Amino acid sequence: MSYLKKNRLWIGMLLFLAAAYHLYFVCLVKAVSMWDMIYPDMLFALTLFMAMTVDAMGYYRRKRKKENLMKADHVICRELDWDEEELEVTRHDVGILEDQLRDQFDYNCDLQDYIAKWCHEIKLPLSAGILMNEKISDAALRTAQKVQLEMIRQQLNGALLGCKVQSRLFDIQIHAVELLECVKAAIHNNQYFLIQKQFELSIEVEPRKVYTDKSWLVYVLDQLIQNAMKYASDEPRLKIWSIHKEEETQLVIWDHGEGIKDSDLRRIFDRGYTGSSFHNGRYKSTGMGLYLAAQILERLGHEIAVESRYGEYTQFTIRIFETKAWD
């Protein structure tokens, strides 16, 4: 809003008073000279100009301050030049909103803690169920039930780690770990379905140490491997290899499968994004796996990139930078 538009009311009142003053002299005061009218007009105009100049300078100074504050990532209402009444109302409303936000945050944290505790407690009966499954004599029934139990185990681990990622107590322990050991751990976590789906597996990862958190990196690899298994082709293949450069190590996960459409590539790491085709209803997806993977890698200081050709392959590249700042 411009200065003149903002102050049009009182400027109009001043012009009205000036017009009434001139009409008074012209119509009611006899034998008035032109100088008697011009001199007060000059004084009035000069005074008005000085007052408007000072006021306009203050207005545009406050406007520039507001524009700069609007770029901030924190509450700015307390830093603006409000009058006392506006400031009191604003402080009251912001205080109420902050209390509501704090209550909601505490509620979400309590809910995450409850879900994490439940996931830990349910692991015991799940492990017992997997052991009992081995005693079933009917091979077809045993295999079918084992598949469902393994899927429950994967989803349970995903829910548990998802709670940890979004918790205020996100624990990161960066130190030098063997990259090959991380890959082997992820393969071991998913070995049942890799064998069942008869994946052709190729691993060419150098036994090299990188600075990361092993448990979180393994979780990310789990997500990428599970995606490869979910969207595998009739001839499933999975290749994992490493590339060492001067200041970084790249870990590449390639799979021969459904691939990703070009229109979806830019959004696959968005929260809740499941793709434009919805996989023709063949798969159930929450859109959270790759989102959480990207969030974890960002907090670890790593980067992830993806390239794909729809109907042929998908390739994820994790860039782990060579730094000892974490150690």
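Since this is a predicted model, take the numbers as computed values, not measurements.
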In one Ile/Leu/Val/Met/Phe/Trp/Tyr side-chain cluster, 4.5 Å: Y192, M132: no

Exercise: identify the closest heavy-atom pair between I320 and H302: CG2-CE1, 3.5 Å

Non-hydrogen atoms of C182 and K214 that approach each other most closely: SG-CG, 3.7 Å

Geometric class of the W216/Y219 ring pair [parallel <30°, tilted 30-60°, perpendicular >60°]: perpendicular

Q196 side, atom CD; M229 side, atom CE - distance, nearest 0.5 Å: 9.5 Å

Salt bridge present between E248 and K245 (N-O < 4.0 angstrom): no

Salt bridge K184-E178, side-chain N to carboxylate O under 4.0 Å: no

F316 and E307, any side-chain heavy atoms less than 4.5 Å apart: no

Atom pair CD1 (I187) and CG (D222), whose distance is rounded to the nearest 0.5 Å: 9.0 Å

Neighbour count above 12 (heavy atom, 6.0 Å) for Q198 CD: no

Rounded distance (nearest 0.5 Å) linking atom CD of Q148 with atom OG1 of T143: 12.0 Å

Heavy-atom side-chain proximity of R153 to E150 below 4.5 angstrom: yes

T317 vs I304, side chain to side chain contact (heavy atoms under 4.5 Å, CB included): CA-CA, chis, key distance, verdict: CA-CA 6 Å; T317 302; I304 185 169; over 6 Å; no

ILVMFWY cluster, V147 and L141 together (side-chain gap under 4.5 Å): no

Backbone N/O of E235 and side chain of S233: donor-acceptor pair under 3.5 Å: yes

Stepwise side chain to side chain contact (heavy atoms under 4.5 Å, CB included) check, D255 with L224: CA-CA 9 Å; D255 71 87; L224 300 181; over 6 Å; no

CD-NE2 distance between E181 and H188, expressed to the nearest 0.5 angstrom: 12.5 Å

Pairwise side-chain contact, E206 with W241, heavy-atom cut-off 4.5 Å (strictly under): no

Derivation of the side-chain hydrogen bond (donor to acceptor under 3.5 Å, both in side chains) call for H244 and R208: CA-CA 9 Å; H244 176 63; R208 184 180 185 84; 2.8 Å; yes

Nearest heavy-atom neighbours spanning A228 and F199: O-CZ, 3.6 Å

Side chains of I296 and L217 in contact at under 4.5 Å (non-hydrogen atoms): no

Cluster check V210, L251: I/L/V/M/F/W/Y, side chain < 4.5 angstrom: yes

Distance, nearest 0.5 Å, that separates CG of L292 from CD of Q295: 7.5 Å

W254 reachable from I243 in the ILVMFWY side-chain graph, under 4.5 Å edges: yes

Sidechain-backbone polar pair: S242 side chain, Q250 backbone, donor-acceptor under 3.5 Å: no

Scan the side chains in residues 121-130 for donor-acceptor partners under 3.5 Å anywhere in the protein, sequence neighbours excluded, and list what turns up.
from, atom 1, to, atom 2, distance (Å)
S127, OG, K123, O, 2.9

R142 side chain to I136 backbone, donor-acceptor under 3.5 Å: yes

Heavy-atom side-chain proximity of F321 to Y211 below 4.5 angstrom: no

4.5 Å side-chain heavy-atom contact, I318 and L221: yes

Minimal non-hydrogen separation, L156 against W118, with atom names: CD1-CZ3, 3.8 Å

Same apolar cluster (I L V M F W Y, side chains within < 4.5 Å links), M151/L194: yes

Heavy-atom pair of closest approach, residues S308 and T314: OG-OG1, 3.2 Å

Min side-chain heavy-atom separation L290-N227 under 4.5 Å: yes

Test item: D213 side-chain N/O and I172 main-chain N/O as donor-acceptor pair under 3.5 Å: no

Separation between OG1 of T212 and CG of L300, rounded to the nearest 0.5 Å: 4.5 Å

Test side-chain contact (heavy atoms from CB on, under 4.5 Å) applied to R309 - qualifying residues, sequence neighbours left out: E312, Y313

Derivation and outcome, side chain to side chain contact (heavy atoms under 4.5 Å, CB included), residues N189 and I225: CA-CA 10 Å; N189 292 341; I225 292 172; over 6 Å; no

Side-chain ion pair, R267 and D270, N-O less than 4.0 Å: yes

Closest non-hydrogen atom pair, F269 against A294: CD2-CB, 3.8 Å

CA sep, side-chain torsions, deciding dist, call: R102, D99, salt bridge (Lys or Arg N to Asp or Glu O under 4.0 Å): CA-CA 5 Å; R102 191 179 301 108; D99 290 340; 2.9 Å; yes

Side chain to side chain contact (heavy atoms under 4.5 Å, CB included) evaluation trace for V177 with H175: CA-CA 6 Å; V177 299; H175 50 82; 3.2 Å; yes

Side-chain heavy atoms of E204 within contact of I240, under 4.5 Å: no

Residues in side-chain contact (heavy atoms from CB on, under 4.5 Å) contact with A293, at least two apart in sequence or another chain: V220

